[in-house]
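The structure under discussion appears below in the form of structure tokens.
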Number of protein chains: 2
Amino acid sequence: MVSVEHPPPATAADTIQTALSVHKAVIVIGNCLVEYKGRASSKLESGERIVIIKEDGSVLVHRPTDYSPVNWQPPGCLFQTEVIKDKLKIRAIRRKPKEAITIVFDKIYLLVLLSLVDEGEFSLYASEEDMQKAILANPSLIEQGFRPITYEKKVEPGFVDVYGIDQNGKFVVVEIKRKTASKDAVLQLQKYIESIKGTVQRDVRGILVAPDVAKGVQPLLYKLALEFKPLSPRRCAEVLSSVRTQKLSEYFKGLPEL
Amino acid sequence: MVSVEHPPPATAADTIQTALSVHKAVIVIGNCLVEYKGRASSKLESGERIVIIKEDGSVLVHRPTDYSPVNWQPPGCLFQTEVIKDKLKIRAIRRKPKEAITIVFDKIYLLVLLSLVDEGEFSLYASEEDMQKAILANPSLIEQGFRPITYEKKVEPGFVDVYGIDQNGKFVVVEIKRKTASKDAVLQLQKYIESIKGTVQRDVRGILVAPDVAKGVQPLLYKLALEFKPLSPRRCAEVLSSVRTQKLSEYFKGLPEL
DNA sequence: GAGTGGATTTCGCAT
DNA sequence: ATGCGAAGTCCACTC
């Protein structure tokens, strides 16, 4: 790791170009302008920012506040550095979609060159997929006697999260949301049920699984004769922790055949 | 701006705590573990990363690749630093939703303290809102004789982007997408039309405005008797550039009353 | 404070 | 490659 305070622009330009060519990451802190043209266009007037260029060719321009970068470029950019009138100009270009950002520094406070090594594994729990897995692994989370038949079943308007039979032999369509379910979720579920009702003779129940429902959703559920089963992603992650495997399809093994 | 290479953990802890208390930004580069618990949970094993803590209490943990941070915290966090067994532990906590990330550094390569000043104005062109404005300012972008009546009109399933009358007095519902329109966009438009047809006696046309449509959308449009008007955000931004005002409502002024 | 929809969304998976 | 939907989405705006 190399860090240089207040490097002259020419030095900075060379250093950055070299670093990028050997796939090192670069951090530049200083006063700059940014322009973007591509899917949209943007202009950012002069100010002090943190710019990160990663070894995969992604770019981030961060202002002093906010979670999200004010300008950026996803991985895969080509770079070009240049000194114009004592200013450092960095241009990052992407094909497909064709777009580019141009960053012009008139002051550079700090330049950092890095070669980070990061083999650490990242695992995330309690996604919607985890909820799906938990239900397949432990169908009684829905209700006593529920038996899943398929997951991600294709019906005309889209894909049903989980599809199964209840203890009375009725078909059950399960729609899963990891957050408070909105009106949209209910309408989606309704669409699936309509679609399935058109193809089978049996009764079809619809169950919305979510930690909560938005206001005004409860009456809608009642009106459409759909059911709600409260279930949090956290709870699902716990249930899953004892039987966690890799793929969703693994959870499907051994489900009762219709 | 202060940058320190390889600071001892105790010094780093104090420095960071002080910096955060006076709302300075901090960058820490080193080898760390990250754990997150809140809306979901995650664990990130040991590796070298760039951590940015901004003055507004947002946190970013960046790996050597990728546009998006592997872990983060939106603005408004409270911080706590600590040294345990020669390791620097940083904890960022947020209420509402209740969540926290914990970052433990066992090696610190670089510590940077910053007080960035950034008053630069940011402007973005060619968003979906720009397309809406362009159409209101120049209705013939849709077709000869089209007259907008309202925008963001509330109908049961949601909001209609632009609503108007064609030269034959038929109602027109316009759905705008700034990217290739998917099946979803068409179904949304269809929902609006159904809803409006239920309340008026006149014919209602549906026009999907987008730079392009996804494969399989064309037949769907035909089947539902909807129309497609190709229009790019870029083109709209150009049209708009000559008449750009501030608010969407400004473009609505002087629209013909029904 | 909750609900709704856009984003230069990004990301991942399936076709 | 394209399409489709989820995301610890974030964010701004409305009610």
Side-chain angles (χ1 to χ4, degrees), chain A residues 34-42 58-59 61 66-75 94 96-101 122 124-132 152 154 157-159 161 176-185 188 212-217 233-234 237 247-249, chain B residues 34-42 58-61 66-76 94 96-101 122 124-132 152 154 157-161 175-185 188 212-217 233-234 237 247-249:
Chain A
V34 187
E35 210 179 77
Y36 162 75
K37 278 189 186 188
R39 289 169 289 176
S41 313
S42 74
S58 48
V59 183
V61 181
D66 300 330
Y67 153 85
S68 52
V70 60
N71 280 110
W72 71 91
Q73 208 64 277
R94 199 158 75 114
K96 203 69 179 151
K98 192 175 175 193
E99 56 183 356
I101 65 174
F122 178 69
L124 178 67
Y125 311 99
S127 58
E128 179 171 314
E129 191 182 349
D130 273 4
M131 295 183 73
Q132 210 172 128
E152 299 294 333
K154 177 99 178 75
F159 294 85
D161 289 336
I176 302 171
K177 290 292 164 203
R178 70 176 305 287
K179 296 191 300 187
T180 301
S182 69
K183 206 180 293 183
D184 254 14
Q188 206 175 318
D212 207 347
V213 294
K215 194 147 64 166
V217 166
R234 188 73 80 89
K247 286 183 183 174
L248 194 52
S249 56
Chain B
V34 187
E35 210 178 77
Y36 161 76
K37 278 189 185 188
R39 288 167 288 175
S41 314
S42 74
S58 49
V59 183
L60 305 168
V61 180
D66 299 329
Y67 153 85
S68 52
V70 60
N71 279 109
W72 72 90
Q73 208 65 279
R94 198 158 77 115
K96 203 67 181 148
K98 193 177 172 190
E99 56 183 356
I101 64 172
F122 178 69
L124 178 68
Y125 312 99
S127 57
E128 180 171 313
E129 191 182 351
D130 276 0
M131 295 183 74
Q132 214 172 125
E152 297 296 333
K154 177 96 178 77
F159 295 85
V160 169
D161 289 337
E175 173 69 28
I176 303 170
K177 290 292 163 200
R178 71 177 304 288
K179 295 190 303 189
T180 301
S182 68
K183 204 182 292 183
D184 256 12
Q188 206 174 316
D212 207 348
V213 294
K215 192 149 65 169
V217 166
R234 188 71 80 88
K247 287 185 182 172
L248 194 51
S249 56

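- Taking the P atoms as reference points, D:dG8 lies 22 Å from D:dC4, given to the whole Å.
- A donor-acceptor contact under 3.5 Å links the side chain of B:Asn71 to the base of D:dG8.
- Residues satisfying the side-chain contact (heavy atoms from CB on, under 4.5 Å) criterion with B:Ala40, sequence neighbours excluded, are A:Leu124, A:Ala126, A:Arg178, B:Tyr36.
- Residues passing the salt bridge (charged side-chain N to carboxylate O under 4.0 Å, His left out) test with B:Glu128, sequence neighbours excluded: none.
- With sequence neighbours excluded, no residue forms a salt bridge (charged side-chain N to carboxylate O under 4.0 Å, His left out) with A:Arg234.
- In this structure, B:Val59 and B:Ile101 have side chains that are in contact, with non-hydrogen atoms separated by less than 4.5 Å.
- B:Ser127 comes within contact range of the sugar-phosphate backbone alone, with a heavy-atom separation under 4.0 Å but no base atom that close.
- For A:Ser42, the side-chain hydrogen bond (donor to acceptor under 3.5 Å, both in side chains) test picks out A:Asn71, with sequence neighbours left out.
- With both ends at atom C1', the span from C:dT10 to C:dG6 equals 14 Å, rounded to whole Å.
- Following rounding to the nearest Å, A:Met131 (CE) and D:dA6 (P) show an atom-to-atom distance of 13 Å.
- Across all strands, A:Val70 comes closer than 4.0 Å to base atoms (heavy-atom distances).
- Residue B:Gln188 contributes atom CD, which lies 14 Å from atom C1' of D:dG5 at whole-angstrom precision.
- Nucleotide C:dT4 holds its C1' atom 10 Å from the NZ atom of A:Lys183, rounded to whole Å.
- If you find the closest nucleotide of DNA chain C to A:Gln73 and to A:Ser182, the one lying nearer the 5' end belongs to A:Ser182.
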Look for any protein N or O under 3.5 Å of an N or O in nucleotides 1-3 of chain C and output each such pair with its distance, or none.
from: C:dA2; atom 1: OP2; to: B:Lys96; atom 2: NZ; distance (Å): 3.3
from: C:dG3; atom 1: OP1; to: A:Lys215; atom 2: N; distance (Å): 2.6

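- Legend: residues meeting side-chain contact (heavy atoms from CB on, under 4.5 Å) with B:Lys179, ordered by chain and number and at least two apart, are absent.
- Note: CD (B:Gln132) to C1' (D:dA12) measures 15 Å, nearest angstrom.
- Toward the 5' end of DNA chain D, the nearer of the two residues B:Ala181 and B:Tyr36, judged by each one's closest nucleotide, is B:Ala181.
- Every residue two or more places apart in sequence or in another chain was checked for a side-chain contact (heavy atoms from CB on, under 4.5 Å) with A:Ser68, and none qualifies.
- Using a 4.0 Å heavy-atom distance criterion, B:Lys177 is classed as a sugar-phosphate-only contact.
- Every side-chain hydrogen bond (donor to acceptor under 3.5 Å, both in side chains) that B:Ser58 has, sequence neighbours left out, goes to B:Asp56.
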Check: What string of B, S and - do you get for nucleotides 9-15 of chain C, 5' to 3', when a contact is any protein heavy atom under 4.0 Å?
Finding: SSS----
